[in-house]
Amino acid sequence: MNEQIKQKNKEIEDALFPDCPIRNVLARVGDKWSLLVLYILQHREPVRFKELQRQIPDISQKSLTHTLRTLQEDGFVARKVFPEVPPRVEYSLTARAISFLPLVENMINWAKENMADIIKDRTNNTEL
């Protein structure tokens with residue numbers, strides 16, 4: 001599975017504009033779950049895996065694990081393992097994620113302001 005992920009990341013890097021930072025970053029944080037995970041961690045860190053899963057009830061364990069690994073690989077999330085029985089693992093934001101979150105907040109605010117009109121346009125355009 002790691003080979004598939006590495007291959008996918010390589011494909012992103014080898015795209016038409018390999019030095020384009022926005023494509024590479026958005027490909028990683030713009031997936032279905034990453035922004036939501038970052039948003040939840042912003043308001044409740046540190047958070048254990050099961051708590052994250054409770055906060056996002058429609059995410060599968062596999063998807064959450066993959067999302068957390070991807071965010072950790074890119075330096076957005078820190079994972080701390082406590083040597084206890086059973087082991088306790090907590091996730092928190094890194095400085096990189098904290099510097100990224102104001103942009104996410106702006107996107108959320110923009111979406112809130114524009115969502116009704118976007119849905120209206122979708123409805124109008126599907127009738128054509």
**Complete:** Closest heavy-atom pair, Arg48 versus Glu90, reported as atoms and distance to 0.1 Å, is CG-CG, 3.9 Å
**Fill in**
Between Ile59 and Gln53 the two heavy atoms that sit nearest each other are O-NE2, 4.2 Å
**Request:** Say whether, by atom type as modelled, one donor and one acceptor occur between the side chain of Thr67 and the main chain of Ser63 under 3.5 angstrom.
**Result:** yes
Hydrophobic cluster membership, with links at side-chain heavy-atom distances under 4.5 Å among I/L/V/M/F/W/Y: are [X] and [Y] in one?
{"X": "Val81", "Y": "Val77", "answer": "yes"}
{"X": "Trp110", "Y": "Met115", "answer": "no"}
{"X": "Leu35", "Y": "Ile118", "answer": "no"}

**Prompt:** Taking atom CD of Glu105 and atom CD of Gln42, what is their separation to the nearest 0.5 Å?
**Reply:** 4.5 Å
**Request:** Nearest 0.5 Å please: distance from the CG atom of Asp117 over to the CZ atom of Arg122.
**Result:** 12.0 Å
Any [X] side-chain heavy atom under 4.5 Å of [Y] side chain:
{"X": "Leu68", "Y": "Phe49", "value": "yes"}
{"X": "Phe76", "Y": "Thr70", "value": "no"}
{"X": "Ile56", "Y": "Asp58", "value": "yes"}
{"X": "Leu93", "Y": "Leu101", "value": "yes"}
{"X": "Leu103", "Y": "Met107", "value": "no"}
{"X": "Arg54", "Y": "Glu51", "value": "yes"}

**Asked** Of the options Leu41, Val29, Thr94, which is the one that meets Leu71 in a side chain to side chain contact (heavy atoms under 4.5 Å, CB included)?
**Response** Val29
**Asked** So does Arg44 have more than 12 non-hydrogen atoms from other groups sitting under 6.0 Å from CZ?
**Response** no
